[in-house]
Amino acid sequence: MQRLNDLRNFIGIMQHHDAVTGTAKQHVTDDYYRMIHLGIEQAIKVVAKTLGSENWSYCALLNISQCEITEYSAAFDVAVYNPGSQATDFPVRLPIYADPAGNDPLYEVKDSEGNIVQSEVFLLPFSVHNIPGRTSRALHQLVFLANIPGLSSRTFSVRNIAADSVGAIVKKWISYKVVDEAEENMIVKRY
Amino acid sequence: DDVLGSKLEMRDSVQSKKGKEFPVPPHESRIFTNGLINFTLDGGSGLLSSIEVEGIKLNVKQELMYYIGHPGNNSEFEFRASGAYIFRPLQQSPSPITMSPVSLVYVEGDLVQEVHQVFDSWATQVLRIYKGRKDLEIEWQVGPIPVEDGFGREIVSKITTDIASQGEFITGTNGREEGILRKRDFRNDYSLEENYEPASQNYYPVTSSVSIEDESARLSVLVDRAQGVSSLADGELELMVHRRLLDDDAFGVDEPLDETAFGVGLVARGRHRLFLTAPNDLGTKAVRLAEKTEFYQPLLMFSNETKL
């Protein structure tokens, strides 16, 4: 309750007319950002617990196509919660990393019953790489439509099947965060 | 080029397994369809030129444009600047970002079809249709807005159609009413001094959707955040997506609306969804339902444990 109350309190502050319209000094606006971020971080822990594990995390920078899990993991799960009362076909767009040396990105998405969900991999719009402060290495996005009933969640498993087929070295490279450019270059050469 | 060249090279070397991507010279008109909605790109300009849904066809032009914000010296009236509180452009109609055809990349798949449009390095957008959906999504990205010439700029997405809207448009009300009717150069409760500031006096807030209609068609635009909107001429809509201004408007903030991050101006990225329906039919109900799904955006959580 304390975690949810933090967000509730911050949302109350966000309803001040200056916060709604942006008519505030920049340091005040920055403080609004800080508060809402803290509130979301707390509330997300509650959401993670309801999904059965605190290892579920949130990608706050998904709006600029940046997410560490989807970019660095060869296999991961996505839980999609629909807070509305109407069913929705929500387009899930996830930034992914593909080998710039020419390896085709190939992903498989399954629902919780193990059925394959139609998905496609596209290039990200090039302009996304112009966003200052974006540190993603994703060049592509994986797209699928998540059909979610009202007030429900569904879980999808995503697997990079190209990674399965090219052996342990590349699998490891995609699965774990590459620490520096030299290491990445070395792995690309070996690959 | 120095910053982006290597990324461009990297991008060019990547081929997607699914979907086709190829740059297209802006000299061929092209129709995109998912079986429910068609949209056409004009060959000359590379801009949207028409939408067709369920037998209703509408000529539509859409582009990102800009106003120059009024400069000022913080005085109360004559030299009051465009700023956080007021939209006060120098000119009364927006200017094009580019006079050249926009550059295009087509991305076609079974699930999604996209057109990436580049107006300038700081103003781009993606036109997109999804399988099974009747709306056209426009994902815009604007910023950092250039101000090196000493002028602040206010960026709008301008939609021009042949709908005979007779000076009226309707802004949504977050579901409380059908919508609020707005009339150009008119107020219900007082006499408006005509042509005082013709553009800004006709701007209104939009928090969910805005529509124009005539006897044959209704065009609705769903927004993903609160914005300013206007219809300065019949059949037109303008949605203000981003602003960067260099002078304070003297209403109390005492700072210009010049947000910076990482040493440069802010980048904003958002989405408009265009629905073309017959007026006053079930299609408008579909738009209201879409408003709800737009408001109640699903929450995505991730785990790399792969424990279903």
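Protein chains get the first letters and strands the later ones, always in sequence-line order, with residue 1 at the start of each. Excluded from the calculations below are hydrogen atoms, water molecules and symmetry mates; all remaining heavy atoms, backbone and side chain alike, are included.
Residue H116(B) comes nearest to L123(A) through the heavy atom pair CE1-O, 3.8 Å, listed as atom of the first residue, atom of the second, then distance. What you find for T293(B) and A87(A) is that their closest heavy atoms are CG2-O, 4.4 Å. Listed here is the closest heavy atom pair of T124(B) and S127(A): OG1-OG, 2.8 Å. Closest of all the heavy-atom pairs between T23(A) and A84(B) is CG2-O, 3.7 Å. Pairing each heavy atom of V112(B) with each of E120(A), the nearest pair is N-OE1, 3.4 Å. Nearest heavy atom pair, residue L300(B) against residue Y58(A), reads O-CD1, 3.7 Å.
Other residues, nucleotides and ligands contribute at most 12 non-hydrogen atoms within 6.0 Å of the NZ atom of K49(A). Counting non-hydrogen atoms of other residues, nucleotides and ligands closer than 6.0 Å to CZ of F295(B) gives a total of 12 or fewer. In this structure, F32(B) places its CZ atom where more than 12 heavy-atom neighbours from other residues, nucleotides or ligands lie under 6.0 Å away. Residue H37(A) places its NE2 atom among 12 or fewer non-hydrogen atoms of other residues, nucleotides or ligands, all under 6.0 Å distant.
For the pairing with P298(B), the side chain to side chain contact (heavy atoms under 4.5 Å, CB included) check across V92(A), I148(A), T88(A) returns one residue only, T88(A).
Under the 4.5 Å side-chain criterion, counting only non-hydrogen atoms from C-beta, L145(A) is in contact with L111(B). V105(B) has its side chain out of reach of F126(A): every pair of non-hydrogen atoms, C-beta onward, lies at least 4.5 Å apart. Between P91(A) and R133(B) the shortest side-chain heavy-atom distance falls below 4.5 Å. The shortest side-chain heavy-atom distance between M301(B) and I44(A) falls under the 4.5 Å cut-off. Side-chain contact between R269(B) and N63(A): absent, with no pair of heavy atoms (C-beta onward) separated by less than 4.5 Å.
Taken to the nearest 0.5 Å, the CG atom of L151(A) stands 9.0 Å off from the OH atom of Y296(B). Atom CZ of residue F302(B) and atom CG of residue L94(A) lie 5.0 Å apart, to the nearest 0.5 angstrom.
When V20(A), D18(A), V128(A), T21(A) are compared by the number of non-hydrogen pairs under 4.5 Å with chain B, V128(A) comes out ahead. Ranked by heavy-atom pairs shorter than 4.5 Å toward chain B, the options C59(A), A146(A), G22(A) are led by C59(A). Per-residue counts of heavy-atom pairs under 4.5 Å with chain A were compared for V267(B), L299(B), L257(B); the largest is that of L299(B). Of the listed residues (V80(A), T29(A), T70(A)), the one with the most heavy-atom contacts under 4.5 Å to chain B is V80(A). The greatest number of non-hydrogen atom pairs below 4.5 Å with chain B, out of S65(A), S153(A), S85(A), is found for S65(A).
Looking at V253(B), both its backbone and its side chain come within 4.5 Å of chain A, counting heavy atoms on both sides. Only the side chain of Y130(B) comes within contact range of chain A, with heavy atoms under 4.5 Å apart. The contact between E114(B) and chain A is made entirely by side chain atoms (from C-beta outward), counting heavy-atom distances below 4.5 Å. Only the side chain of Q141(B) comes within contact range of chain A, judged by heavy atoms closer than 4.5 Å. If you measure heavy-atom distances from D254(B) to chain A, the contacts under 4.5 Å come from both the backbone and the side chain. Heavy atoms of R154(A) lying under 4.5 Å from chain B are absent altogether. If you measure heavy-atom distances from R128(B) to chain A, the contacts under 4.5 Å come from the side chain alone. Only the side chain of P144(B) comes within less than 4.5 Å of a heavy atom of chain A; its backbone N, CA, C and O stay farther away.
Put simply, the side chain of Q86(A) never gets that close to the backbone of L289(B): no donor and acceptor are under 3.5 Å apart.
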